[in-house]
Number of protein chains: 2
Amino acid sequence: MARRRQSVTIKHVAADAGVSLQTVSRVINNEPNVRPEMKKRVQDSIDKLGYVPSIAAQRMSGSRSYLILAINDRARTIADWQARLGTDWVDQMLLGGMLASGERGYRMLVELVDTHNDHVERELSAAIAALQPDGVILTPPHSDNPLITGLLAKRNIPFARIGSKAAGPGIAMTMGDEHLAAIATDHLIELGHRRIGFIAGPDDYSLADWRIDGWRGAMERAGFDANGLCERGDFGFESGLAAARSLLDLPDPPTAIIASSDQMAVATLEVARADGLSVPDDLSLISFDNTPIVRFTEPPMTALDQPIAATTAKAVELLIDGEPRTGDEEPIVMEGSLVVRGSTGRVPQRAVN
Amino acid sequence: MARRRQSVTIKHVAADAGVSLQTVSRVINNEPNVRPEMKKRVQDSIDKLGYVPSIAAQRMSGSRSYLILAINDRARTIADWQARLGTDWVDQMLLGGMLASGERGYRMLVELVDTHNDHVERELSAAIAALQPDGVILTPPHSDNPLITGLLAKRNIPFARIGSKAAGPGIAMTMGDEHLAAIATDHLIELGHRRIGFIAGPDDYSLADWRIDGWRGAMERAGFDANGLCERGDFGFESGLAAARSLLDLPDPPTAIIASSDQMAVATLEVARADGLSVPDDLSLISFDNTPIVRFTEPPMTALDQPIAATTAKAVELLIDGEPRTGDEEPIVMEGSLVVRGSTGRVPQRAVN
DNA sequence: CTGAAAGCGCTAACAA
DNA sequence: TTGTTAGCGCTTTCAG
């Protein structure tokens, strides 16, 4: 293949405008100390020639790479893509992240990294060495992985931790998991429910526990007993089946269940149906996540919506425009909301009697 | 922000192994003319130091950028992401493209470009100048845009055109649209249908017309009249509503409809329901695309599955490993298949009588 | 088979 | 305010 060189370089612009390379560079980077007339002259040449700086060259000379890396868990992401169940986490990240990056002249690159793997560090180091991103966005369960955060901190690369509240390097961001779980619980309590079950996520996701806290807190505030009403899943369908089974087989089963993922919620719906329970007449159901499929279930699912696009956009904004951080600021909370659909209703009468 | 430099460079490796930079470079790029013992010595140093070449530097020195650009239509892609209807085209591209790229040491970057816009060229030129990708993957409706293909050809950048059969520069790839439409039509014919309607896509997508050809061809082979049974939509839900309305309001309405997108199929389902028609008892329905939502409709939809991931992976493979092309080879066809679910059934009796 | 030198396009540091 | 110089980390010449 023919050796492809940049067609229009800073040299061409400099020659065309009759100035030095440095002046062109200053105009490109919007640096001060350029007379307006000079600036205009250079800008005209840039427009005329259609010049766009090579990010490779910019990166080389020690400046920025104009690249943001969005890192997701490899196994889970691939599984979601292959299953084609409509999980749109990555899409929402792209929606928020690509647009926010683009507005600032940056690109966002999705990178998959294995968490449960002894060479997480090597994998990440390689990506960083190859790409030299100006910022990294971590998603659960990477956000709290000290191997990852430590490496990034050591390399002095700004990063955001979505779904992490811990202090330390990197921008901690959450979508208000505890609060969301509480909102959902309160919604059910208002509908008269007192036995509200909870299907939690796996404990390597710290947000899984915050959600439990939110639910338990709301239960306690209302004076209801939450003991024995929490089961763990792994966010996947199968685990949801098992968790729902346990909950519904209880001697005094819950009249409502909150599931920490849409897949587990759909699984619960299935178990309920198998047991001859009508949703929402016999059992109310709320799902965390608000992915496309929950609108197509029968009945459509009441769900907790998480602002993934907005959170990613905010992360990009802070990474690029943000002030350097001290490391002990409060986590940034992007609040989600409850979308009420057809899977929640008043507590069944027999349960009240 | 502190100036971040590469932590381990080719120099460190060369020093550690006691060889010249050039020899290290040769090992990295797997070039010949390096004695095995030399190669091993260098490789050991690379592993020991955890060295990974900077792609910026590699690109700078006139070699490759290790970047593949996947270009999608901006407006449609953003609309799909915002609508959250489960369209997973981009995900499937990432699934196939990222993995195939990754295996070869490349990255795939998603780029959104406006088609209906007078500065398509400028937009694309800018992306190319900034990123200098080693290959570009075009998706409809960009694949047949001469402004785009011409620019890429002029710049001598290898590219694939997904959903394009035209001769000329770039690798033409299709998912067998005509054949797929014919398969769907034949399936319906076997079920006894003779009046089979077709809802086509917009004519700036050339695959929209191939699908019409496939349907019409199958109808003709079976000796059925296809006239007046084809309506155009724009792939979106609203347009599907209108198209389905026209078809079902015909004096002699079709007993089966094939829609060129899942959204238009879902819309047709809705119109049918509004008319009191049962699917599949009164009306059979087949959807192009096989996105997640069609599995959750009532009934689940029989759909034509398009191997987007496989096609993208193949594109990456050809772009990176492929021989230079002459420009007049046959299009590469990645055949899809019909997934039979619950929306297709035997023709209603009254239609046969 | 291996090495030394030059340069890719850009910016940082300094000089004018 | 502007220009000059020296690299950034790598690959491409071209010598040895």
Side-chain angles (χ1 to χ4, degrees), chain A residues 1-42 46 49-67 105 126 128-132 134, chain B residues 1-42 46 49-67 105 126 128-132 134:
Chain A
M1 178 197 318
R3 209 176 133 101
R4 264 178 290 102
R5 284 246 130 70
Q6 191 89 332
S7 46
V8 182
T9 74
I10 198 172
K11 278 187 186 169
H12 299 108
V13 177
D16 184 84
V19 299
S20 72
L21 303 186
Q22 190 47 38
T23 302
V24 179
S25 175
R26 290 196 177 98
V27 172
I28 296 167
N29 297 296
N30 242 313
E31 280 168 24
N33 299 342
V34 182
R35 265 180 310 175
E37 53 185 273
M38 192 91 280
K39 181 163 180 169
K40 185 183 180 322
R41 183 140 60 99
V42 172
I46 290 177
L49 301 175
Y51 168 71
V52 176
S54 150
I55 66 167
Q58 296 190 123
R59 165 75 278 183
M60 273 303 296
S61 51
S63 92
R64 289 168 293 179
S65 64
Y66 295 99
L67 233 89
I128 288 172
L131 269 3
Q132 291 162 246
D134 292 335
Chain B
M1 179 196 321
R3 206 177 137 101
R4 264 178 290 100
R5 286 243 128 74
Q6 191 90 332
S7 46
V8 182
T9 75
I10 197 171
K11 278 188 187 169
H12 299 107
V13 178
D16 184 84
V19 299
S20 71
L21 303 185
Q22 190 44 39
T23 303
V24 179
S25 176
R26 288 195 179 99
V27 173
I28 296 166
N29 297 296
N30 242 311
E31 281 169 24
N33 298 343
V34 183
R35 265 180 309 172
E37 54 184 271
M38 192 92 277
K39 181 164 179 169
K40 184 183 180 323
R41 183 140 60 99
V42 172
I46 290 177
L49 301 175
Y51 167 71
V52 176
S54 149
I55 66 169
Q58 295 190 123
R59 165 74 278 182
M60 273 302 298
S61 50
S63 97
R64 289 167 293 179
S65 64
Y66 295 99
L67 239 108
I128 288 172
L131 269 2
Q132 292 163 251
D134 292 335

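Letters A, B, ... are given to chains in the order of the sequence lines, protein chains preceding strands, and every chain is numbered from 1.
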TODO: Measure the CG-CD1 distance between B/Leu67 and B/Ile128 for me, rounded to the nearest 0.5 Å.
DONE: 12.0 Å
Task: Side chain to side chain, A/Ile28 and A/Ile10, heavy atoms closer than 4.5 Å - done: yes
TODO: Figure out the CZ/P separation between B/Arg64 and D/dT11, and round it to whole Å.
DONE: 9 Å
Open item on the list: Rounding to an integer number of Å, can you tell me how far A/Glu31 CD sits from C/dT11 P?
Closed with: 8 Å
Open item on the list: Measuring from atom OG of B/Ser7 to atom CG of B/Leu49, what distance do you get when rounded to the nearest 0.5 angstrom?
Closed with: 10.0 Å
Open item on the list: Please report the distance, rounded to the nearest Å, between OH in A/Tyr66 and P in C/dC10.
Closed with: 12 Å
Task: Residue A/Ile10, side-chain atoms from C-beta onward, closest of C/dA12, C/dT11, C/dG7 - done: C/dT11
Open item on the list: Expressed as a whole number of angstroms, how long is the span from A/His12:NE2 to C/dG9:C1'?
Closed with: 11 Å
Open item on the list: Go through it in stages, so that I can follow the logic: the residues are A/Asn30 and A/Lys39, the test is side chain to side chain contact (heavy atoms under 4.5 Å, CB included), and I'd like the CA-CA distance, side-chain angles, deciding distance and then a yes or no.
Closed with: CA-CA 9 Å; A/Asn30 242 313; A/Lys39 181 163 180 169; 3.1 Å; yes
Task: Presence of B/Arg59 side-chain N/O under 4.0 Å of D/dC10 phosphate oxygens OP1/OP2 - done: no
TODO: Please check if the side chain of A/Arg26 supplies one atom and the backbone of A/Glu31 the other of a donor-acceptor pair under 3.5 Å.
DONE: no
Open item on the list: Rounded to whole Å, how long is the line connecting atom CG of B/Asn30 with atom P of D/dT11?
Closed with: 12 Å
Open item on the list: I want to confirm an ordering. Mapping B/Arg35 and B/Ala57 to their closest nucleotides on DNA chain C, which one lands closer to the 5' end?
Closed with: B/Arg35
- [ ] State, with a plain yes or no, whether a side-chain heavy atom of B/Ser65 is found less than 4.5 Å away from one of B/Leu131.
- [x] no
- [ ] Go through the steps to decide whether A/Arg59 and A/Asp134 satisfy the test side chain to side chain contact (heavy atoms under 4.5 Å, CB included), and finish with yes or no.
- [x] CA-CA 10 Å; A/Arg59 165 75 278 183; A/Asp134 292 335; 4.0 Å; yes
- [ ] Can you figure out which of C/dG9, D/dC8, D/dT12 approaches the side chain of B/Ser63 most closely?
- [x] D/dT12
Task: B/Asn33 side chain, from C-beta outward: closest of D/dG9, C/dC1, D/dG7 - done: C/dC1
- [ ] Just call it for B/Pro32: base, sugar-phosphate, or nothing, with non-hydrogen atoms closer than 4.0 Å on any strand.
- [x] nothing
TODO: Measure the CZ-CG distance between B/Arg64 and B/Asn29 for me, rounded to the nearest 0.5 Å.
DONE: 6.5 Å
Task: Phosphate contact (C/dC10 OP1 or OP2) by A/Tyr51 side-chain N/O below 4.0 Å - done: yes
TODO: Return the angle between end axes of the helix from C/dC1-D/dG16 to C/dA16-D/dT1, with five pairs used per end and rounding to 10°.
DONE: 30°
Open item on the list: Rounded to whole Å, please give me the gap between CE in B/Met60 and P in C/dA6.
Closed with: 17 Å
Task: Rounded distance (Å) that lies between atom P of D/dC10 and atom NZ of B/Lys11 - done: 10 Å
Open item on the list: Within residues 21-29 of chain A, which residues have any heavy atom lying less than 4.0 Å from an atom of DNA chain D?
Closed with: A/Gln22, A/Thr23, A/Arg26
Task: Gap between atoms NZ and C1', on B/Lys40 and C/dC1 respectively (whole Å) - done: 19 Å
- [ ] Can you figure out which of C/dC10, D/dT2, D/dC10 approaches the side chain of A/Gln58 most closely?
- [x] C/dC10
Open item on the list: Tell me the closest heavy-atom pair linking A/Val52 and B/Ala129, and the distance in Å.
Closed with: CB-CB, 3.7 Å
- [ ] Could you grab the distance from atom CD of A/Gln58 to atom CE of B/Met60, nearest 0.5 Å is fine?
- [x] 11.0 Å
- [ ] Look at the side chain of B/Ser61 and decide which nucleotide, out of D/dT4, C/dT11, D/dT11, has an atom nearest to it.
- [x] D/dT11
